[in-house]
Amino acid sequence: MASEQHAFAYDPEKNYDEDIMAQQRQIEKEIAETQPLVSGLFTFDDIVEEYTSEDAVYRHKIEDLKTRYANMRKTRGDGNCFFRAFGFAFLESLIKDPTDYSRFLELVTKSKDELIALGFPQFTLEDFYDTFIDIVKQVKSPGTVEKLVETFNDQGLSDYFVVYLRLIVSGFLQKKEDEYIHFIDGERTVKQFCSQEVEPMGKESDHIHIVALTKALEVPIRVEYMDREGLTCNAFTFSASDTSDDSLVKPAVSLLYRPGHYDILYPL
Amino acid sequence: MTTPARRRLMRDFKRLQEDPPAGVSGAPSDNNIMLWNAVIFGPHDTPFEDGTFKLTIEFTEEYPNKPPTVRFISKMFHPNVYADGSICLDILQNRWSPTYDVSAILTSIQSLLHDPNPNSPANNEAAQLYRENRREYEKKVAAIVQESWNDDEEEGEEDEEGEEISVGRTKP
């Protein structure tokens, strides 16, 4: 093929979208071969190795994390990392402390009819819902972290779980359209935003996705932001309701954000 | 082994049979559930009316998390269809939602025949005629409508059963 290559000439009759999608698939395949969907536990000493000794800001911030967190798990950088990290970390927290399990199961069980009422197609929604609920119920049976790791590394099951979380976020934003329209950039309706940025797999999560998921599921999340600014990580708590005071909220899930990516943190 | 994609495609097929949308049909090819043949009938009150347009839909194991590749096999003259039959439609690219199934894909393409989008042309001539010379556009479309019948006759001769001509079978 290489010998046939010549200077690129744009052909208006050719469908370049397919080439782009094929290339994207190739990149995704390479990432999939090197990164598990949800990894085993890493210590921060493993993580520090990722940064060269010259990268003082990041090394300093990892030392800062060590004062508050014991270790972490990595997730695959496939654009679904926020949803997958959240899903795994929250179910794992329920295995360790099932206090919130019944409330959560009841809430997500009700979500199916709510989403159908919002206009999601019942036929396909049920497919994702059934898999989602089966995975949630693994918290009680078998109720082991090992099994949960296995489930979240089964691409089919893991992705179905992510799809359903995306649908919950989409449904929540559409239900609260009047409130969230102000947070959407471009001349887009909430529904358009959801079909472009929330529902398609692989679309990265922004602040608005996290706010919506936290409130829809009533699960508070803490995110440690690790970027080049300052010397310590900035922690931000997404509270599950508008009234609660951030300083009083005990987050159920802690995530580490490094530009473009979310991993799971385990507090000391 | 059944995979999530294959399981879901069986469900899609079942639904398409039990609750078929008007004017479209589709089925997996004889020995490959990942490759479907489909027919879209030209919608009423459009220049495509009475046409029977054949397509192939090729799925990967990532379905329904990723869209399939859809292509017209019948000759097409439409602002959003490329010369090779591939289709420029947002829901088949960056606006794909895993909640879409085969029915939704086919009905979306059907409505694209109804409402072309000349702002993102895949066929410049068709887009230009659609905007500037609707009469000529309709003439060109009428020609491919006629051609779509010829396809049927060719395959119809090989089809002894007569029913569901050309649906659900691979090209000879």
Side-chain angles (χ1 to χ4, degrees), chain A residues 10-22 24-25 28-29 32 78-80 83 115-116 118-132 154-168 170-171 188 191-203, chain B residues 1-16 18-19 21 58 60-72 80-105 107-108 120-128:
Chain A
Y10 177 72
D11 174 0
E13 302 288 303
K14 184 172 160 31
N15 182 351
Y16 288 99
D17 295 336
E18 287 191 353
D19 289 358
I20 293 166
M21 282 164 72
Q24 205 174 335
R25 285 213 169 102
E28 284 165 8
K29 198 170 147 244
D78 61 359
N80 301 309
F83 288 103
L115 290 172
I116 292 168
L118 280 167
F120 285 92
Q122 176 167 6
F123 164 75
T124 47
L125 187 88
E126 273 175 354
D127 197 26
F128 297 109
Y129 170 83
D130 291 345
T131 303
F132 180 85
D154 178 318
Q155 182 105 40
L157 297 173
S158 200
D159 282 353
Y160 265 43
F161 193 88
V162 169
V163 167
Y164 198 73
L165 288 180
R166 286 180 177 277
L167 297 178
I168 287 176
S170 174
R188 292 186 279 187
K191 200 172 170 57
Q192 281 169 337
F193 174 80
C194 288
S195 70
Q196 288 165 1
E197 309 292 344
V198 180
E199 290 176 36
M201 284 293 276
K203 288 282 178 176
Chain B
M1 200 188 88
T2 104
T3 59
R6 286 161 199 271
R7 192 169 53 93
R8 171 60 193 271
L9 284 168
M10 288 304 293
R11 279 177 55 113
D12 280 20
F13 183 40
K14 198 160 164 259
R15 173 152 187 258
L16 202 57
E18 287 170 358
D19 182 18
E58 205 179 337
T60 66
E61 289 291 350
E62 289 167 295
Y63 181 78
N65 299 320
K66 290 287 168 66
T69 306
V70 188
R71 221 179 270 281
F72 276 101
N80 307 110
V81 180
Y82 289 94
D84 66 356
S86 61
I87 303 162
C88 181
L89 179 61
D90 55 1
I91 69 140
L92 293 177
Q93 279 124 21
N94 55 3
R95 277 190 54 204
W96 170 256
S97 162
T99 61
Y100 298 143
D101 65 348
V102 177
S103 278
I105 294 167
T107 49
S108 298
S120 64
N123 177 334
N124 279 324
E125 188 197 358
Q128 197 183 357

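First the proteins, then the strands, lettered A, B, ... as listed; each starts at 1.
Proximity to chain B is absent for every atom of I20(A), based on heavy atoms less than 4.5 angstrom apart. Proximity to chain A (any heavy atom under 4.5 Å) is restricted, for T69(B), to the side chain, taken from C-beta onward. Heavy atoms of P67(B) lying under 4.5 Å from chain A belong to its backbone as well as its side chain. Residue contact with chain B, scored on non-hydrogen atoms closer than 4.5 Å, involves the side chain of E28(A) exclusively. For R25(A), the part lying near chain B is the side chain, with the backbone staying farther off; criterion is any non-hydrogen pair under 4.5 Å. Heavy-atom distances place no part of I91(B) under 4.5 Å from chain A, backbone and side chain included. With a 4.5 Å cut-off on non-hydrogen atoms, D12(B) touches chain A through its backbone and its side chain both. Contact of E61(B) with chain A is not made at all, since no heavy-atom distance falls under 4.5 Å. Interface residue R11(B): backbone and side-chain heavy atoms are both found under 4.5 Å from chain A. Contact of P200(A) with chain B is made through backbone and side chain together, with heavy-atom distances under 4.5 Å.
Annotation: maximal heavy-atom pairing with chain A below 4.5 Å, among S86(B), S103(B), A83(B), occurs at S86(B).
Minimum heavy-atom separation, D127(A) to R8(B): OD2-CD, 3.4 Å. Smallest separation of non-hydrogen atoms from N94(B) and K203(A): O-CE, 4.0 Å. Across all non-hydrogen atoms, the minimal contact from F128(A) to P64(B) is CZ-CG, 3.8 Å. Nearest heavy atoms, G156(A) versus P4(B): CA-CG, 3.6 Å.
Partners of T99(B) according to the side chain to side chain donor-acceptor pair (under 3.5 Å) rule, which considers only residues two or more places apart in sequence or in another chain, are S97(B).
In this structure, N15(A) CG and R71(B) CZ are separated by 7.5 Å, a value rounded to the nearest 0.5 Å.
Contact annotation for residues 191-199 of chain A against chain B (heavy-atom separation below 4.5 Å, listed by residue number): S195(A), Q196(A), E199(A).
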